[in-house]
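Structure, as structure tokens:
Everything numeric in this text was worked out from a predicted model, so none of it was measured. Below, chains carry the letters A, B, ... as their sequence lines are ordered, and counting in each starts from 1.
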There are 2 protein chains.
Amino acid sequence: MPNPTAAMLVIGDEILSGRTRDSNMYHLAGELTRVGIDLAEVRVVSDDADAITGAVRALSDGFDMVFTSGGIGPTHDDITAENVARAFGVPISVRDDARALLAAHYARSGTELNESRLRMARIPDGATLIDNPISAAPGFTLGNVHVMAGVPTIFEAMLASILPTLVGGAPLLSQSLQIFRGEGDIAGPLSELAARYPDLGIGCYPFQRDGAFGAQVVIRGQDGGRVDAAIAELNAMFPA
Amino acid sequence: MPNPTAAMLVIGDEILSGRTRDSNMYHLAGELTRVGIDLAEVRVVSDDADAITGAVRALSDGFDMVFTSGGIGPTHDDITAENVARAFGVPISVRDDARALLAAHYARSGTELNESRLRMARIPDGATLIDNPISAAPGFTLGNVHVMAGVPTIFEAMLASILPTLVGGAPLLSQSLQIFRGEGDIAGPLSELAARYPDLGIGCYPFQRDGAFGAQVVIRGQDGGRVDAAIAELNAMFPA
């Protein structure tokens, strides 16, 4: 049975302007691979209502599950929650359970739960909260879309709390071999190997190091025995 | 006049599996901002023919220009060129000028220009070559789509060679202020500031450092005087 598929939606002008270097995509990709969920597409869009709504609809329809990152803070440019609600055609308002989480958190530090902070308690109808152990303001799951914070520590904590609830497939196993030959010398034999192992993913990633050309060949699959067999054949073709 | 818009398409299983951390997106975002082109969307798709063709069509239709990264090497999983051709409905074949570039390059190192390497001379009908000063195999521009390599040094060199040919708008200027207050305290006044400066982009990026909460407020716009005025107002609201 094929693995479930996932997409990610990164929301934020700061990524698209080059101000911030995204790290949530890299983190999510590694975690999903580990639990056997195939990350099939990532989109990055700006803090724009139509861009967010359109991408949520397209990815929610196209993949088994969607993870979003960014745009759920207290400021005017945090517009993810209302646009996920809009994508699903459901109302959004401050919800008592989310408000209670924020009230308890800010009471501990003697901070006022003002109108801006209360924005973070707006949850679309029918959504389930995602725990935020760091700064209390929750994420949420609506349909097959998991809405999480953009700050990497919070994104990672939220993901850790929902990962055990997701049904994955067989984890993707991989082995790799470094070959100090030009990629053009490797390509022909590698293509024949790929044809003999259609169940495996075989990638070739060139590098240049100390003036020498080489490539890292990565073989991925769900059946460890098949991955072993393919890497052994590759080793025999290109002895170190 | 609004700036021209751009989208990026990153092609490669290695990004989606978490094996490789993308750096081309971050580089492109910074370079485009510098020359006044707005990067409005990024998509990352796998080495899959339909995914590539679909994304090229959608982004080429939706934005003024598109930059792709990855999938133009000599191996079986390098399928970007033929799928960009497919997206535009034009034939692709080995072209004499591209073949000559490769032949000269490999002759210098005494390397055989074999069938796999010759794959890198396949250019869609009507495309213009993009110079590759590092490893010769060219990228190409077809319609409004610029097709470039995934290896960061080569991607950056190819981008450097086409950037002067692109017509940008006014570069985006930005100033930022670090405010050591919770984002929830900043949000209200910031929202009012944003309403008074609808021509500027005002973003708020929270951080936590040495146990203290704060946020970096970034104000962006094409008119330096307006950016100065807004940052002065912000300074007055939140004196250091």
Can you list the steps and then say if Glu41(A) with Val44(B) is a side chain to side chain contact (heavy atoms under 4.5 Å, CB included)? CA-CA 5 Å; Glu41(A) 181 168 337; Val44(B) 186; over 6 Å; no
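The part of Met25(A) that comes within reach of chain B is its side chain, from C-beta onward, which places non-hydrogen atoms under 4.5 angstrom from that chain. In this structure, chain A has no heavy atom under 4.5 Å from any part of Glu115(B). Heavy-atom distances place the side chain of Arg220(B), and not its backbone, under 4.5 Å from chain A. Using a 4.5 Å cut-off between heavy atoms, Val218(A) contacts chain B through its side chain alone, with no backbone atom that close. Of the two parts of Ser191(A), the backbone and the side chain both hold a non-hydrogen atom closer than 4.5 Å to a non-hydrogen atom of chain B. Interface remark: Thr20(B) contributes backbone atoms only to the contact with chain A (heavy atom separation under 4.5 Å). Residue Asp78(B) touches chain A through its side chain alone, counting heavy-atom pairs closer than 4.5 Å. If you measure heavy-atom distances from Tyr205(B) to chain A, the contacts under 4.5 Å come from the side chain alone. Proximity to chain B involves both the backbone and the side chain of Val45(A), based on heavy atoms less than 4.5 angstrom apart.
Contact between Pro74(B) and Ala187(A) at its shortest, heavy atoms only, is O-CB, 3.4 Å. The shortest heavy-atom contact between Gly184(B) and Asn114(A) is O-ND2, 2.9 Å. In plain terms, the two heavy atoms of Ile202(A) and His76(B) that are nearest each other are O-NE2, 3.1 Å.
Ranked by non-hydrogen atom pairs under 4.5 Å with chain B, the options Met120(A), Met8(A), Arg119(A), Arg43(A) are led by Arg43(A). Between chain A and the options Leu118(B), Asp77(B), Ile186(B), Ile134(B), the largest number of non-hydrogen pairs under 4.5 Å is found for Asp77(B). Options Cys204(A), Ser176(A), Gly12(A) differ in how many heavy-atom pairs under 4.5 Å they form with chain B, and the most are formed by Cys204(A). Counting heavy-atom pairs closer than 4.5 Å to chain B, the top residue among Ser23(A), Ala7(A), Ala29(A) is Ala29(A). For chain A, the option among Tyr106(B), Phe213(B), Tyr26(B) with the highest count of heavy-atom pairs below 4.5 Å is Tyr26(B).
Remark: Asp185(B) engages Arg117(A) in a salt bridge, criterion side-chain N to carboxylate O under 4.0 Å.
Each of Ile15(B), Asp13(B), Leu16(B) was checked for a side chain to side chain contact (heavy atoms under 4.5 Å, CB included) with Leu39(A), and the lone residue meeting it is Leu16(B).
Residues Pro206(A) and Val151(B) are in side-chain contact: their nearest non-hydrogen atoms beyond the backbone lie under 4.5 Å apart. Proximity of Thr75(A) to Glu183(B): side-chain heavy atoms (C-beta onward) are separated by under 4.5 Å at one or more points.
Here the straight-line distance linking atom CZ of Arg19(B) with atom OG of Ser174(A) works out to 8.5 Å at 0.5 Å rounding.
Between the side chain of Ser116(B) and the backbone N or O of Gly188(A) there is at least one donor-acceptor pair closer than 3.5 Å.
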